[in-house]
Amino acid sequence: MSWLPDDDEGDDEGLDESDFRARPNPKANRPRTKRRPAHLDAQVARVLGVDRGRYAVLVGEDGPDERDVVATRARELRKQPIVTGDRVRVVGDRTGSEGTLARIVGIEPRTTLLRRSADDTDQVERVVVANADQMLVVVAAADPEPRERLVDRYLIAALDAGIRPLLVVTKTDLADPSAFLAHFDGLDLEVFTSGQGEMPTERIGAALVGRSTVFVGHSGVGKSTLVNALVPSAMRATGHVNVVTGRGRHTSSSTVSLRYRGAGGTGWVIDTPGVRSFGLGHVDPANVLRAFTDLAEAAQDCPRGCTHLPDAPDCAIVEAVAEGRLGPSAPARLDSLQRLLTTFAHR
Ligand SMILES: Nc1nc2c(ncn2[C@@H]2O[C@H](COP(=O)(O)OP(=O)(O)OP(=O)(O)O)[C@@H](O)[C@H]2O)c(=O)[nH]1
Ligand SMILES: [Mg+2]
């Protein structure tokens, strides 16, 4: 008999009489956790996607027996989010044959966790993706109109999570993105431009090698279109943008991880659904500052509680930049930092 039910959805409905009889302490609320098997034969797998309690996982990655397996989650993990990009321990039937289900019994420690909240005051975080080390922020030059504050939000979330941001402006066949891009001059940010018939798949592909890159952006900006160009087997559905509202149709409804295979090597691409808002309720602004290494160092001489904004009294960063101590590119970087902090403060 298995100690754990196959399905994660029920709470205690999986218990039967024999479970109760076997309880060492009938009054204990959670006796079963004590009897949890060690799962010595568990295998580490990569979560590729999640759909209504079922997880598509990749077992034996890069080995001769690499295969896609469908898994459920063990009951003891039912309160923990398991998301695309997670590395999990699986037991049970891992053949991947039609109709079989393996079971996830543990989550490996995460290197990064990209989170968002529904809105900025909401402390409840939703985990978007685990273990990504890059974020490609996708924004359209037009249709839908680009909004720098939304890009700022993604950048803040990335810097907070310790994820390296990249930016791509799509639909350059529809509008010239130069004025929009000027906003991001002061950031250490690799920028790509893409248009119909001239997608920079090789350049973007080179940036994907050896990394796990999550594609984020409003609905309709062309995330899935890019993913399909980079991973031809992906066949992600793409949708039209409503001509009246200028909004996308939320074509992609789930987050999936796909393998990029390019001339220079392989990487992971994670396509996400466009979201209307990317709340920053959980972000610590200190992490944003930390991403601007030299400015963060200067900030050590700031008064306690310094906001580093232009009107902050005795801000050591502002002074160091004004005195030219941080080099010629520092003013632009300070502008960017202040913009991000302002976006954050007014959230
Ligand atoms: N003109 C033009 N249209 C593009 C370009 N890239 C994508 N599109 C179109 O934009 C529409 C939306 O593209 P998708 O790839 O579905 O956008 P998405 O970001 O995945 O949207 P969601 O899945 O809803 O979040 C489709 O009709 C694409 O053909 C481009 O460079 N130029
Ligand atoms: Mg999509």
Side-chain angles (χ1 to χ4, degrees), residues 132 134-155 157-158 163-209 211-253 255-276 278 332 336:
Q134 262 181 171
M135 174 196 280
L136 182 69
V137 181
V138 186
V139 60
D143 198 17
E145 280 307 304
R147 292 206 344 248
E148 39 191 279
R149 291 290 176 211
L150 181 69
V151 175
D152 281 353
R153 286 174 163 274
Y154 284 123
L155 296 176
I163 296 173
R164 174 181 183 231
L166 309 167
L167 179 65
V168 58
V169 186
T170 60
K171 311 198 190 185
T172 51
D173 51 299
L174 302 182
D176 177 356
S178 336
F180 175 75
L181 280 174
H183 293 296
F184 305 99
D185 277 349
L187 288 170
D188 178 19
L189 185 67
E190 191 170 356
V191 176
F192 307 93
T193 53
S194 177
Q196 210 148 46
E198 41 174 345
M199 273 194 230
T201 43
E202 279 186 21
R203 274 192 64 216
I204 296 180
L208 302 178
V209 172
R211 295 195 171 254
S212 216
T213 308
V214 56
F215 287 33
V216 297
H218 258 172
S219 178
V221 293
K223 297 178 293 297
S224 299
T225 303
L226 271 178
V227 166
N228 286 340
L230 291 159
V231 184
S233 61
M235 295 186 284
R236 294 285 280 170
T238 59
H240 296 286
V241 173
N242 185 309
V243 283
V244 179
T245 62
R247 283 195 182 156
R249 299 172 144 205
H250 295 272
T251 306
S252 307
S253 58
T255 299
V256 298
S257 201
L258 301 148
R259 179 124 50 177
Y260 167 77
R261 294 180 196 279
T266 65
W268 288 94
V269 166
I270 300 141
D271 190 15
T272 67
V275 291
R276 287 199 182 81
F278 202 93
S336 299

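Heavy atoms only: backbone and side chains are in, while hydrogens, waters and symmetry mates are out. Note that this is a predicted model, so its numbers are computed, not measured. Numbering starts at 1 and runs along the sequence shown.
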Self-check item: All salt bridge (charged side-chain N to carboxylate O under 4.0 Å, His left out) counterparts of Arg147, not counting sequence neighbours
Solution: none
Practice problem: Would you check if there is a donor-acceptor pair between the side chains of Thr193 and Thr172 at a distance under 3.5 Å? | Solution: no
Quiz item: Would a distance-only check, ignoring hydrogens and angles, find a side-chain to backbone donor-acceptor pair under 3.5 Å from Thr170 to Val221?
Solution: yes
Quiz item: What's the shortest heavy-atom distance between Ala229 and Thr201, and which atoms?
Solution: CB-CG2, 3.6 Å
Quiz item: Does Asn228 reach the main-chain N or O of Arg236 with its side chain, forming a donor-acceptor pair under 3.5 Å?
Solution: yes
Quiz item: Out of curiosity, Asp271 CG to Thr225 OG1, how far, rounded to the nearest 0.5 Å?
Solution: 9.0 Å
Self-check item: Heavy-atom closest contact (Leu230 atom, Gly205 atom, distance)
Solution: CD2-N, 4.0 Å
Quiz item: Do Ser253 and Pro273 come within less than 4.5 Å of each other through their side chains, counting heavy atoms only?
Solution: no
Quiz item: Which heavy-atom pair separates Ala237 from Ser224 by the least distance, and what is that distance?
Solution: O-CB, 3.6 Å
Self-check item: Derivation and outcome, side chain to side chain contact (heavy atoms under 4.5 Å, CB included), residues Leu167 and Leu181
Solution: CA-CA 10 Å; Leu167 179 65; Leu181 280 174; 3.8 Å; yes
Practice problem: Test Leu189 against Val137 for side chain to side chain contact (heavy atoms under 4.5 Å, CB included), laying out the working first. | Solution: CA-CA 10 Å; Leu189 185 67; Val137 181; over 6 Å; no
Practice problem: Please confirm whether the backbone N or O of Val139 pairs with a side-chain atom of Lys171, one donor and one acceptor, at under 3.5 Å? | Solution: no
Exercise. Determine yes or no for a side-chain-to-main-chain donor-acceptor pair under 3.5 angstrom, with Thr213 supplying the side chain and Val269 the backbone.
Key: no
Quiz prompt | Note, Trp268 side chain near Arg259 side chain (heavy atom, < 4.5 Å) | solution = yes
Quiz item: Ignoring hydrogens and geometry, is there a side-chain-to-backbone donor-acceptor pair from His250 to Gly274 under 3.5 Å?
Solution: yes
Practice problem: Check whether any side-chain heavy atom of Val151 sits under 4.5 Å from a side-chain heavy atom of Phe184, and report yes or no. | Solution: yes
Practice problem: Please answer whether the main-chain N or O of Ala207 pairs with a side-chain N or O of Glu190 as donor and acceptor at a distance below 3.5 Å. | Solution: no
Quiz item: So, the side chain of Lys223 versus the backbone of Gly217: is there a donor-acceptor pair under 3.5 Å, distance only?
Solution: yes
Practice problem: Check Ala140 against Val169 and note the closest heavy-atom contact, atom names and distance. | Solution: C-CG1, 4.1 Å
Quiz item: What closest approach, in Å, do Val214 and Ala132 show between heavy atoms, and which atom pair accounts for it?
Solution: CG1-CB, 4.0 Å
